[in-house]
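Notes for the one structure printed next.
Counting starts at 1 for both ligands and their atoms, in listed order. Worth saying up front: this structure is predicted, and the values here are computed from it rather than measured.
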Amino acid sequence: MSEPKILLYYVFAPVADPEAVRLWQRELCESLGLRGRIIVSPHGINGTVGGELDACKQYLRRTREYPPFAALEPKWSEGTALVDAPEERLHGVERGARWQRITDFPRLSVKVRDELVAFGIPNETRVDSDGVVGGGVHLSPQEVNDLVAERGDEVVFFDGRNAWEAEIGRFAGAVVPSTRTTHDFIAQIDAGDFDDLKGRPVVTYCTGGIRCEILSAAMRTRGFDEVYQIDGGIVKYGEAFGNDGLWEGSLAVFDGREALDFAPGAAVIGRCRVCGAPSNAVSNCSDPACTHRFVVCDAHAGSPCEEHAQAA
Ligand SMILES: [Zn+2]
Ligand SMILES: [Zn+2]
């Protein structure tokens with residue numbers, strides 16, 4: 001088998017019968033020998049599928065034949081590239097999006113969920129043929145820089161990922177909610193934790209952009225009146241500017257000892273939770289039942305989290 005290709009994509013569009021789409025997608029992938037993960041919801045589809053180049057092309061053509069998905073524009077990736085795998089379950093606990101290698105895909109998984117990203121607001125999110133209704137204005141990487149050049153310190157970056165991801169990399173001066181899963185965002189916003197940002201231009205960002213489609217709309221609904229999101233998320237911004245833009249540090253990826261740098265010499269902004277040494281490595285708590293992730297240096301890899309250190 002030649003080097004596999006991966007398609008990464010999401011489309012927000014009304015899906016009248018998600019179960020029928022699930023069955024169709026499963027059959028399509030099986031017939032083409034593709035594996036990966038697909039989530040279908042009444043709001044659209046989110047997939048990472050991999051296989052032979054010709055099979056990927058056929059998959060794309062057939063999927064676009066369904067009118068709601070006609071505008072599907074995937075990101076093509078090599079088989080060894082990191083792919084977005086939102087809402088995976090690890091240790092039985094639902095998490096936000098994380099990144100995983102296609103080689104880790106043991107099989108094909110096609111599921112129906114009530115949301116593409118589990119923010120816990122399935123009935124609030126509205127989509128039409130143009131995507132999420134009421135979301136933040138999309139900015140290209142260059143437009144992000146232009147906005148900051150124009151408005152300066154008034155602009156605030158808002159991290160739409162889980163807090164541990166931001167420990168090793170984030171936009172300069174970003175607000176990082178203390179979230180362990182995407183479920184936590186809405187509760188903190190509703191509690192008024194970020195009300196001081198309501199008069200300011202807020203740029204939401206996440207790994208590949210899908211989380212901010214929902215988050216930016218939820219923020220606008222809750223009184224943030226100038227909200228932006230970055231087209232293609234951190235990945236596209238990092239590809240455009242490397243270490244020379246407003247992004248600082250590394251992009252957190254699935255494997256705790258791995259982090260993605262957009263160029264050599266990326267700043268190391270993380271600090272080991274145990275000793276404070278600079279590090280860009282994120283690791284799981286040594287307790288296999290614990291879902292905490294945090295920064296450690298080489299010497300302290302495999303340490304317990306604060307909770308489990310006290311218990312020991
Ligand atoms: Zn250490
Ligand atoms: Zn722990």
Side-chain angles (χ1 to χ4, degrees), residues 37 82-101 104-106 109 113 115 117-120 158-191 193-194 206-207 211 215 234 238 243 247-312:
R37 292 187 183 78
L82 296 156
V83 297
D84 216 352
E87 307 315 322
E88 273 312 290
R89 286 169 186 275
L90 193 64
H91 306 316
V93 174
E94 189 138 50
R95 295 186 162 190
R98 58 198 182 88
W99 290 65
Q100 196 163 44
R101 288 177 187 278
D104 290 340
F105 287 169
S109 161
R113 301 249 174 96
E115 295 179 284
V117 186
F119 278 97
F158 191 90
D159 203 305
R161 302 171 299 162
N162 301 319
W164 65 264
E165 298 176 75
E167 285 188 37
I168 59 167
R170 55 186 174 261
F171 276 92
V175 168
V176 179
S178 56
T179 45
R180 214 170 265 168
T181 75
T182 40
H183 256 112
D184 299 337
F185 280 98
I186 302 300
Q188 289 181 30
I189 293 168
D190 283 343
D193 291 5
F194 312 109
C206 61
T207 311
R211 286 179 270 188
L215 176 63
I234 298 161
N243 300 330
W247 173 260
E248 294 175 344
S250 308
L251 178 60
V253 293
F254 164 64
D255 182 335
R257 286 146 301 180
E258 272 188 277
L260 182 66
D261 291 346
F262 293 111
V268 177
I269 67 173
R271 294 291 177 267
C272 174
R273 186 74 64 90
V274 182
C275 73
S279 169
N280 68 353
V282 181
S283 165
N284 287 316
C285 172
S286 57
D287 182 330
C290 179
T291 60
H292 292 180
R293 288 171 71 74
F294 48 90
V295 177
V296 286
C297 69
D298 284 350
H300 291 114
S303 296
C305 71
E306 278 162 7
E307 254 169 56
H308 288 107
Q310 283 162 8

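In this structure a side-chain-to-backbone donor-acceptor pair under 3.5 Å is missing from S109 to R37. A donor-acceptor distance shorter than 3.5 angstrom exists from the side chain of T179 to the backbone of R161, with no hydrogens or angles considered. At distances below 3.5 Å, at least one donor-acceptor pair connects side-chain atoms of N243 with backbone N or O atoms of P264.
Ring orientation note: the planes of F262 and W247 are nearly perpendicular, at an angle over 60° on the 30°/60° scale.
With rounding to the nearest 0.5 Å, the separation of CG in N280 from CZ in R271 is 11.0 Å. In this structure, the separation between CZ on R293 and OG on S283 is 7.5 Å, given to the nearest 0.5 Å.
The set of protein atoms (N, O or S) found at less than 2.8 Å from the Zn ion (ligand 2) reads C285 SG, C290 SG, C305 SG, H308 ND1, by chain and number. Within the protein, the N, O or S atoms sitting under 2.8 Å from the Zn ion (ligand 1) are C272 SG, C275 SG, C297 SG, H300 ND1.
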Step by step, would you call F185 with F194 a side-chain contact (heavy atoms from CB on, under 4.5 Å)? CA-CA 11 Å; F185 280 98; F194 312 109; 6.0 Å; no
Might you work through the side-chain contact (heavy atoms from CB on, under 4.5 Å) test for T207 and E165, ending with a clear yes or no? CA-CA 9 Å; T207 311; E165 298 176 75; 3.9 Å; yes
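Put simply, the residue from T181, D184, T182 that forms a side chain to side chain contact (heavy atoms under 4.5 Å, CB included) with F119 is T182.
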